[in-house]
A.B. asks: 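I'd like to ask you about the structure that follows.
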Amino acid sequence: MKEGKSTILITGGAGFIGSNLCEYFLSKGHPVVCLDNFATGHKHNLKDFITNENFRLIEGDIRNLADCQNAVQNVDYVMHQAALGSVPRSINDPITTNDVNVSGFLNMLVASRDAKVKRFVYAASSSTYGDSEGLPKVEEVIGKPLSPYAITKYVNELYAEIFSRTYGLETIGLRYFNVFGRKQDPQGAYAAVIPKFVMQLMQLESPKINGDGNYSRDFTYIDNVIQMNELAMTTQNPAAVNTVYNTAYGDRNTLNNLVDYLKKYLAEYDPRIADVAIEYGPNRAGDIPHSLASIEKAKALLGYDPQFSLQEGLKEAVSWYWEHLAP
Ligand SMILES: NC(=O)c1ccc[n+]([C@@H]2O[C@H](COP(=O)([O-])OP(=O)(O)OC[C@H]3O[C@@H](n4cnc5c(N)ncnc54)[C@H](O)[C@@H]3O)[C@@H](O)[C@H]2O)c1
């Protein structure tokens, strides 16, 4: 392991966001430890850096306190990404979602406190805004959670705040808004909308939009999320810690816009994709109509300056999916 560079533990490091964080911080020369049980993550997400001498993989489960204690040894910073994502998954199986997202989170907080890590940065979620209708979403105004998943992510914030106050553990929560980009899993019942639509379009299948396509989201490219994690880890501003931040681009696009862009960018690789029809179905339970983040707090306190709009991010993501997963 290199001298002088902080060691970072990335839980969920075999997942979409976690593996991108591993790759980025390894590229900056940091020793990186990844704790993952491969519940939804994949070994192939690690293949570009698995042999890097600064990388260490621990196969373990955050529901097991001993695994968390093992992983935090000699670690300076924790970036806690491990969780079971997906609102529908949490509706189908609230107990497992709670075990991982709440009990596992608490294990990681306890282990991090006891190991005296310098800061605990964690993946929070825009789902915490729940039924609050105001736009844009500002960190201080939340509504009632609309799913078991949303409850778990809100409980994370409550626990993090208590650990800051009670034990002096520095924490920063990043409320991610619809993150997308390279390595996001297109497979499975709980796949996110962008990789799922990309795969369907590449196979000339019709993507199915839940509702009329006028629902909107603040789609956030992975590189903006990496920037937020780095800022959260490195900030020296005392006013910037022990709080939560929207992690988004700060613009919203409808599902119809999204599909139009995807068809346009994918048609550059296969012109037949421009003619694929879109199907529309009923709205999905638990979905809010619109989501848009205010990113003013992150700009003011962390100096956040997102570089990728939806369109810029989609071009990059489409190119990655075409190269890696085209039929
Ligand atoms: N992707 C998004 O748009 C989004 C939005 C809001 C919040 N988040 C949060 O960001 C984090 C990362 O999400 P992602 O999209 O990369 O999902 P992902 O499913 O690709 O990654 C999650 C990782 O956690 C691992 N994991 C799950 N249970 C575990 C356990 N018990 N022990 C150890 N590891 C475990 C999985 O194997 C996987 O590698 C999650 O906390 C998620 O709730 C994501």
Side-chain angles (χ1 to χ4, degrees), residues 9-23 33-46 57-68 70-71 78-87 89-90 93 95-108 111 120-129 137 147-157 160 173-196 217-222 224-226 228-229 244-249 291 293 310 313 317:
L9 166 62
I10 300 173
T11 70
F16 157 48
I17 297 171
S19 63
N20 275 290
L21 290 172
C22 288
E23 188 161 31
V33 181
C34 162
L35 171 64
D36 205 296
N37 71 346
F38 296 97
T40 58
H42 301 285
K43 289 251 160 71
H44 60 73
N45 285 340
L46 309 175
L57 170 65
I58 299 177
E59 268 197 70
D61 195 315
I62 57 167
R63 288 169 291 184
N64 179 352
L65 179 61
D67 286 351
C68 301
N70 176 28
V78 174
M79 289 181 180
H80 179 59
Q81 312 299 312
L84 288 177
S86 161
V87 164
R89 186 207 310 275
S90 78
D93 183 1
I95 291 179
T96 310
T97 295
N98 192 82
D99 283 348
V100 174
N101 295 11
V102 177
S103 300
F105 186 88
L106 184 55
N107 284 338
M108 279 303 307
F120 183 90
V121 178
Y122 64 96
S125 169
S126 61
S127 63
T128 293
Y129 289 104
K137 306 294 180 198
S147 66
Y149 172 75
I151 292 177
T152 68
K153 288 288 166 175
Y154 181 45
V155 171
N156 289 177
E157 294 187 9
L174 302 179
R175 285 185 189 156
Y176 298 157
F177 279 68
N178 294 81
V179 187
F180 70 96
R182 58 191 177 273
K183 295 190 182 177
Q184 189 171 28
D185 194 349
Q187 306 296 344
Y190 303 123
V193 63
I194 290 180
K196 189 160 85 182
R217 294 289 179 267
D218 197 333
F219 295 105
T220 307
Y221 188 54
I222 182 67
N224 299 330
V225 172
I226 292 172
M228 276 295 284
N229 275 275
V244 297
Y245 294 93
N246 289 341
T247 298
Y249 182 66
S291 182
L310 170 66

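Atoms within a ligand are numbered from 1 in the order they appear, just like the ligands themselves.
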A.B. asks: Taking all non-hydrogen atoms of both residues into account, name the closest pair between Glu157 and Tyr122 and its distance.
C.D. replies: CA-OH, 3.3 Å

A.B. asks: Near ligand 1, which residues have a heavy atom under 4.0 Å away from one of its atoms?
C.D. replies: Gly12, Ala14, Gly15, Phe16, Ile17, Asp36, Asn37, Phe38, Ala39, Thr40, Gly41, Gly60, Asp61, Ile62, Arg63, Gln81, Ala82, Ala83, Val100, Ala123, Ala124, Ser125, Tyr149, Lys153, Tyr176, Asn178, Val179

A.B. asks: Side-chain contact, heavy-atom cut-off 4.5 Å: Tyr176 with Tyr245?
C.D. replies: no

A.B. asks: Suppose we call two aromatic rings close when their centres sit under 6.0 Å apart. Are Tyr149 and Tyr154 close by that rule?
C.D. replies: no

A.B. asks: Knowing that exactly one of Val193, Asn178, Ile194 qualifies, which makes a side-chain contact (heavy atoms from CB on, under 4.5 Å) with Arg217?
C.D. replies: Asn178

A.B. asks: Would Arg182 and Phe16 count as a cation-pi pair here, with the cationic atom under 6.0 angstrom from the ring centre and within 45° of the axis?
C.D. replies: no

A.B. asks: Would a line drawn from the ring center of Tyr221 to the ring center of Phe180 be shorter than 6.0 Å?
C.D. replies: yes

